[in-house]
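Worksheet: the structure to be examined is printed underneath.
Only a predicted model underlies this, so the values are computations on that prediction, with no experimental measurement involved.
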Protein chains: 2
Amino acid sequence: MSRKPLAIGTLSHLIGYHLRRASGAFALDFHEAMAGTGMRQVLLGILAIVEANPGVNQGAVGTALGIKRANMVALINELVDAGLLARAVAPDDRRAFSLTLTSVGRERLTECTARIEAHEARMLDQFTNAERQTLIALLARIEARKP
Amino acid sequence: MSRKPLAIGTLSHLIGYHLRRASGAFALDFHEAMAGTGMRQVLLGILAIVEANPGVNQGAVGTALGIKRANMVALINELVDAGLLARAVAPDDRRAFSLTLTSVGRERLTECTARIEAHEARMLDQFTNAERQTLIALLARIEARKP
DNA sequence: TATTGTTATACTCTATAACTATA
DNA sequence: TATAGTTATAGAGTATAACAATA
């Protein structure tokens, strides 16, 4: 017995609401796409940043992804324990950790990237390339707001 | 000592990543905008749905917002305890609860809606009306994907 | 003094399974 | 049997404060 969808009232014209719902839909499908890999959105985000910036400091990765220092610790431990990330004292600053991908980490990232591409293609199969570019450009302007 | 922003590598062309970041930026500013009201995104979402559908069932609200039945219980309790929501046994189905806003709930929603409008205006001050419409339309198509 | 990473902690959101009462 | 709401519980994300080592 299916019921007709409810009116969402004031929410309908709020960008924040639609962002929340769309982001949630992506997160759900992402989670399914990663089944069996043990990887999550945050962890892949970290691996991607380290791949693009080999030797980067732990704190800088957190800043780039909007993750607080205190919360980075457990995440990095998880990736190091899984053998995906190598952590070394930074040569120029003995307080800091310099992060690099291990070869296993590189492989894992490649496998997962393939899954992510499929997931994105599935979620956006009704979108033209122009629409995707438009969407990314609009979202990037929102992110660019100073925190 | 500010450092230059890192390269985000593969993430840059992923809609899912940008949705996550943009949604997070909105959530953060929303949270600040609600300081002192005790209201959160989910709670306002519920109030807005009930306002638009007086007498609606608890479960239907959850379905509309993507909240699991089990998680609705505490949220509705919170709103009822705060005197914002009235919960009555549904006249046509004694298993279900029929929800309506109290007068206090209506006032609270009005106050918060004003804050939310200001928050949206602040987040989107660089966007034209056309761009906002485009963004909402694109996001709505993502949400529309069957769960 | 300020910064990097750490620990401890708490709150919110989300997910699952088993229960009750009604239908 | 199926559905509406409930309880209990666990995992994940996020926030703050206080600390050690280093700058």
Side-chain angles (χ1 to χ4, degrees), chain A residues 1-3 6 20-21 23-32 34-35 37-46 55-81 85 87-99 147, chain B residues 1-3 17 19-21 23-32 34-35 38-46 55-81 85 87-99 147:
Chain A
M1 200 46 193
S2 66
R3 215 168 318 184
L6 293 183
R20 187 178 153 91
R21 297 305 304 272
S23 178
F26 258 80
L28 203 67
D29 193 81
F30 186 99
H31 184 254
E32 288 167 14
M34 290 304 134
T37 67
M39 288 291 110
R40 311 190 301 276
Q41 274 185 313
V42 208
L43 300 181
L44 265 314
I46 294 174
V56 66
N57 281 7
Q58 178 170 321
V61 177
T63 303
L65 291 173
I67 305 169
K68 293 253 186 306
R69 269 179 317 157
N71 297 325
M72 282 296 290
V73 181
L75 296 169
I76 298 297
N77 282 342
E78 198 176 338
L79 290 168
V80 170
D81 293 349
L85 221 55
R87 176 172 44 191
V89 172
D92 57 324
D93 184 343
R94 291 197 330 240
R95 294 171 301 180
F97 282 144
S98 168
L99 303 175
Chain B
M1 201 46 195
S2 67
R3 217 167 318 184
Y17 169 76
L19 274 174
R20 188 177 153 91
R21 296 307 303 272
S23 177
F26 258 80
L28 203 67
D29 193 81
F30 186 98
H31 184 255
E32 287 167 15
M34 290 304 134
M39 289 290 110
R40 311 189 300 275
Q41 275 185 313
V42 207
L43 299 182
L44 266 313
I46 295 174
V56 66
N57 280 8
Q58 178 170 322
V61 177
T63 303
L65 292 174
I67 306 171
K68 293 253 186 306
R69 268 178 317 156
N71 296 325
M72 283 296 289
V73 181
L75 296 169
I76 298 298
N77 283 342
E78 198 176 339
L79 290 169
V80 170
D81 292 348
L85 222 55
R87 175 171 45 192
V89 172
D92 56 323
D93 185 343
R94 291 197 329 240
R95 293 172 303 181
F97 282 144
S98 168
L99 303 175

Of the candidate nucleotides D:dT7, C:dT16, C:dG5, which contains the atom at the shortest distance from the side chain of A:F97? C:dG5

Using whole Å, report how far CG of B:L65 lies from C1' of C:dT14. 14 Å

Please pick, from D:dG5, D:dG13, C:dT4, the nucleotide with the shortest atom-to-atom distance to any side-chain atom of A:R40. D:dG13

Heavy-atom check, side chain of A:V61 versus side chain of A:Q58, under 4.5 Å: no

Quiz item: B:N71 side-chain donor-acceptor pair to C:dA15 base, under 3.5 Å: yes

Smallest heavy-atom separation, B:S98 atom then B:G55 atom, equals OG-O, 3.1 Å

For residues A:L85 and A:E78, determine if any side-chain heavy atom of one lies less than 4.5 Å from a side-chain heavy atom of the other. no

Candidates D:dG5, C:dG5, D:dA15 - which lies nearest the side chain of A:Q58: C:dG5

Length of the line joining B:I67:CD1 and C:dT16:C1', which is rounded to integer Å: 17 Å

Atom-to-atom span, CE of A:M72 to P of D:dA12 - whole angstrom: 17 Å

Can you check whether A:F97 reaches A:V89 side chain to side chain, under 4.5 Å on heavy atoms? yes

Looking only at non-hydrogen atoms, find the nearest pair between B:F30 and B:R40 and report the distance. CE2-C, 4.0 Å

In this structure, how many angstroms lie between the P atom of D:dA15 and the CG atom of B:L28, rounded? 6 Å

Distance in angstrom units between B:F30 CZ and C:dC13 P, rounded: 11 Å

State which of C:dT16, C:dC13, D:dA15 makes the closest approach to the side chain of B:K68. C:dT16

Which pair of heavy atoms, one from A:G38 and one from A:L43, lies closest together, and at what distance? O-CD1, 4.2 Å

Taking all atoms of both residues into account, what is the closest heavy-atom pair of B:A64 and A:L6, and its distance? CB-CD1, 4.1 Å

Choosing from C:dC13, D:dG5, C:dT14, which nucleotide comes nearest the side chain of B:V73? D:dG5

For atom CG of A:N57 and atom P of C:dA2, their distance in whole Å: 20 Å

What are the atom names and distances for every N/O pair under 3.5 Å that joins the protein to nucleotides 21-23 of chain D?
{"unit_1": "D:dT22", "atom_1": "O2", "unit_2": "A:R95", "atom_2": "NH1", "d": "3.4"}
{"unit_1": "D:dA23", "atom_1": "OP1", "unit_2": "A:R94", "atom_2": "N", "d": "3.0"}

Starting from P on D:dG5, measure out to CD1 on B:I46 and report it in whole angstrom. 12 Å

Distances under 3.5 Å only, N/O to N/O: pair up the protein atoms with those of nucleotides 17-19 of chain D.
none

Of all heavy-atom pairs between A:N57 and A:A96, which one has the smallest distance, and what is that distance? ND2-CB, 3.4 Å

Side-chain heavy-atom pair A:L65, B:R20 within 4.5 angstrom cut-off: no

B:M34 CE to C:dT12 P, straight-line distance once rounded to whole Å: 16 Å

